[in-house]
Asker: 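I'd like to ask you about the structure that follows.
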Amino acid sequence: MAIRSLLSINKKKQKGVIVDRNKENSFPADLMTKCPECKKIYLTKELDNNLKVCPNCDHHYKMTAWERVSILMDEGTFVSFDENLRTSNPLKFPSYLDKIEIDSHKTGLNEAVLTGMGSIDGSQVVVAIMDSHFRMGSMGSVVGEKITRAIEKATEYSLPFIIFTASGGARMQEGVISLMQMAKTSVALKRHSDHGLLFISIMTHPTTGGVSASFASLGDLNIAEPQALIGFAGRRVIEQTVREKLPEDFQTAEFLLAHGQLDAIFHRKEMRDKLATIVKLHQKGGVSNV
Amino acid sequence: MSKSLDFEEPVVKLREKIGELKEIAKSAEVDMSSEIETLETRLKQLEAKIYSNMEPWDRVQVARHAQRPTTSDYIEEIFSDFIELHGDRSFGDDEAIIGGIASFEGQPITIIGHQRGKSTKENIRRNFGMPHPEGYRKALRLMKQAEKFNRPIICFIDTKGAYPGKAAEERGQSEAIARNLFEMAGLKVPVISVVIGEGGSGGALALGVANKIYMLENSTYSVISPEGAASILWKDASLAKQAAEAMKITAFDLKEMGIIDGIVNEVAGGAHRDVQAQALELKNCISEALSQLNSLSEAELIDDRYEKFRKIGEFIEEEVN
């Protein structure tokens with residue numbers, strides 16, 4: 001009891017250090033943002049203009065799926081797929097659908113991934129962009145189905161498939177059905193690949209568990225954003241199992257690159273141009289602007 | 001006699017009592033046969049009642065039983081001419097997965113399975129049946145080899161999960177599992193997977209992209225262990241029993257969800273009670289599955305696997321106006 005009240009005092013104190021939201025005369029809290037890495041405080045607008053990357057320390061903030069569309073795709077070209085799919089509750093978990101409803105309202109998405117077609121610097125591509133603001137980007141039936149349908153569209157139209165992953169892994173509330181989405185998306189990727197088509201996986205913070213152990217790792221090119229957490233098992237689980245101190249940079253994009261698990265790390269500012277180049281380098285009939 | 005599990009304690013106790021009574025009857029030289037007969041009838045009824053009303057948590061206990069038959073037990077009972085093949089050709093030989101070539105009813109096959117130990121010593125050698133990336137890469141190497149020589153592949157799934165360790169992450173645990181899902185999708189030979197114990201998450205699925213998937217009656221297949229689910233859902237690992245129910249992890253649950261093709265009956269009380277009888281059940285199942293798959297062409301096998309996983313998922317599709 002005593003510890004708990006102490007903890008709550010600490011929490012209050014921490015909040016107070018950042019912005020005191022209780023005082024009427026303080027300006028709106030979301031006007032300023034404090035970088036969780038370097039602790040520097042910025043105008044939120046300044047941060048948004050910088051693609052949500054800290055101008056001081058290069059910390060890459062999480063992005064919503066729609067924000068990524070806006071910085072990646074040629075304006076007005078993106079068409080969203082399968083917005084009519086809705087999550088059901090196969091295992092009858094109490095309040096599961098309420099949670100989905102809340103996150104759906106919060107993000108404007110029907111589930112934790114946005115899929116669609118559009119162009120990047122003039123090249124047509126099919127994309128899937130996961131959104132960690134929706135149930136931690138976890139994968140249940142709808143996420144698996146939307147990604148699979150997107151891959152199948154890419155195969156049908158002979159287009160490259162590009163995915164931005166952000167996920168805590170398979171969604172527990174749909175049990176083994178979630179696990180099987182790993183296989184479903186992977187068999188679809190195999191078919192896409194057998195047609196000689198390009199798949200680029202961009203792992204963003206965080207990409208772990210069942211998503212990391214399926215499509216996220218299956219790119220012809222596996223790319224990551226700087227400092228993204230990428231791994232199969234959670235850090236705490238590993239620490240409990242092996243009882244040894246893990247290095248500071250364990251499971252970061254840089255750690256994976258050093259261990260030969262990634263093709264490259266792209267800064268968010270260069271992401272669009274690099275992707276456009278990669279897609280062009282894979283087009284039949286040569287390259288024009290590189 | 002193996003250690004009894006909680007739910008079967010009444011059966012074990014009664015069986016012990018009958019044994020004692022028989023001993024007493026022998027030395028006392030009185031005729032107790034009618035009493036013993038009555039008790040034996042009661043034992044049979046009790047067995048039938050208890051073993052036909054197993055809760056999911058009881059099955060978890062059976063699936064984890066230290067003496068439960070493992071991949072190597074079934075290999076010995078079911079296949080002939082088995083030759084174990086080692087290593088991933090790149091890092092090492094992971095003994096948490098074993099594999100090799102053998103013959104089954106006169107047909108050459110490749111067999112791959114998770115391998116746990118029955119004793120502490122063997123479990124340490126086998127890393128408790130929890131593979132590192134090189135285990136999955138060995139499995140894939142053997143699958144590709146099977147494909148080259150047109151041999152069907154039989155996989156036995158029996159793992160708590162892929163090993164959560166530093167070295168496993170450094171060597172690409174995620175990639176190794178993902179690669180197997182991807183490559184298994186394209187195999188031009190029949191693939192049959194049977195969950196013989198615990199089917200723990202991605203580490204199990206990495207041997208599970210098959211044309212036919214079966215589960216032994218008391219095995220489990222889940223996205224997370226009941227303990228893990230309980231601690232995440234209710235912040236209390238001791239609620240594992242409830243989680244085992246809520247997560248729908250039994251062979252019957254998976255059959256109902258249409259994920260697996262069939263359930264292999266177990267001998268009363270669990271596979272560990274009679275390995276030979278259990279192996280025979282399993283052999284019949286594999287034989288039946290192979291005879292169905294042997295007639296399919298390469299393209300049909302790949303399409304069959306595609307359709308099998310393509311249809312898994314439960315969601316609502318609203319009309320678009």
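The chains referred to below are lettered A, B, ... by the order of the sequence lines, with proteins before strands, and numbering in each begins at 1.
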Asker: What part of B:Met247 gets closer than 4.5 Å to chain A, counting heavy atoms only: side chain, backbone, both or neither?
Answerer: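 Contact with chain A: backbone and side chain both.
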Asker: What part of B:Ala162 lies closer than 4.5 angstrom to a heavy atom of chain A: side chain, backbone, both or neither?
Answerer: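 Looking at B:Ala162, backbone and side chain both touch chain A.
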Asker: Between A:Met182 and B:Leu205, which heavy-atom pair has the shortest distance, and what is it?
Answerer: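 Taking A:Met182 first and B:Leu205 second, the nearest heavy atoms are CB-CD2, 3.8 Å.
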Asker: Closest approach of A:Ala183 and B:Val209, non-hydrogen atoms and distance?
Answerer: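 Taking every non-hydrogen atom into account, CB-CG2, 4.2 Å.
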Asker: Could you give the distance from CD1 (B:Ile224) to CE (A:Met172), rounded to the nearest 0.5 Å?
Answerer: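 These two atoms lie 5.0 Å from each other.
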Asker: Going by heavy atoms in the side chains, are B:Ile259 and A:Ile177 under 4.5 Å from each other?
Answerer: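 They are in contact (side-chain heavy atoms under 4.5 Å apart), so the answer is yes.
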Asker: Return the CG to CD1 distance between A:Leu218 and B:Ile177, rounded to the nearest 0.5 Å.
Answerer: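 Between A:Leu218 CG and B:Ile177 CD1, I get 11.5 Å after rounding to 0.5 Å.
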Asker: Are A:Val176 and B:Leu254 packed together at the side-chain level, in the sense that at least one heavy-atom pair is separated by less than 4.5 angstrom?
Answerer: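 SC-SC contact between A:Val176 and B:Leu254 confirmed.
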Asker: Counting heavy-atom pairs under 4.5 Å to chain B, which of A:Val237, A:Leu189, A:Leu179, A:Ile230 comes out on top?
Answerer: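 Winner by heavy-atom pair count: A:Leu179.
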Asker: Does any backbone or side-chain atom of A:Phe93 lie under 4.5 Å from a heavy atom of chain B? Answer side chain, backbone, both or neither.
Answerer: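 Contact with chain B involves the side chain of A:Phe93 alone.
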Asker: Let me see the donor-acceptor pairs closer than 3.5 Å between chain B and chain A, or none if nothing turns up.
Answerer:
unit_1, atom_1, unit_2, atom_2, d
B:Glu169, OE1, A:Phe232, N, 2.9
B:Glu169, OE1, A:Gln251, NE2, 3.0
B:Glu169, OE2, A:Phe232, N, 3.4
B:Glu169, OE2, A:Ala233, N, 2.8
B:Glu170, O, A:Gln261, NE2, 3.3
B:Arg171, O, A:Gln261, NE2, 3.4
B:Ser174, OG, A:Ser212, OG, 2.2
B:Ala178, N, A:Ala213, O, 3.4
B:Asp303, OD1, A:Arg191, NH2, 3.1
B:Tyr306, OH, A:Glu152, OE2, 2.7
B:Arg310, NE, A:Glu152, OE1, 3.2
B:Arg310, NE, A:Glu152, OE2, 2.7
B:Arg310, NH1, A:Glu145, OE1, 3.0
B:Arg310, NH1, A:Glu145, OE2, 3.4
B:Arg310, NH2, A:Glu145, OE2, 3.0
B:Arg310, NH2, A:Glu152, OE1, 3.2
B:Ile312, O, A:Gln181, NE2, 3.1
B:Ile312, O, A:Lys184, NZ, 2.9
B:Glu314, N, A:Ser141, OG, 2.9
B:Glu314, O, A:Ser88, OG, 3.2
B:Glu314, O, A:Ser141, OG, 3.3
B:Ile316, N, A:Arg86, O, 2.7
B:Ile316, O, A:Arg86, N, 2.6
B:Glu317, OE1, A:Arg149, NH2, 3.0
B:Glu317, OE2, A:Arg149, NH1, 2.9
B:Glu318, N, A:Asn84, O, 2.9
B:Glu318, O, A:Asn84, ND2, 2.8
B:Glu318, OE1, A:Arg86, NE, 3.4
B:Glu318, OE1, A:Arg86, NH2, 3.4
B:Glu318, OE2, A:Arg86, NE, 3.4

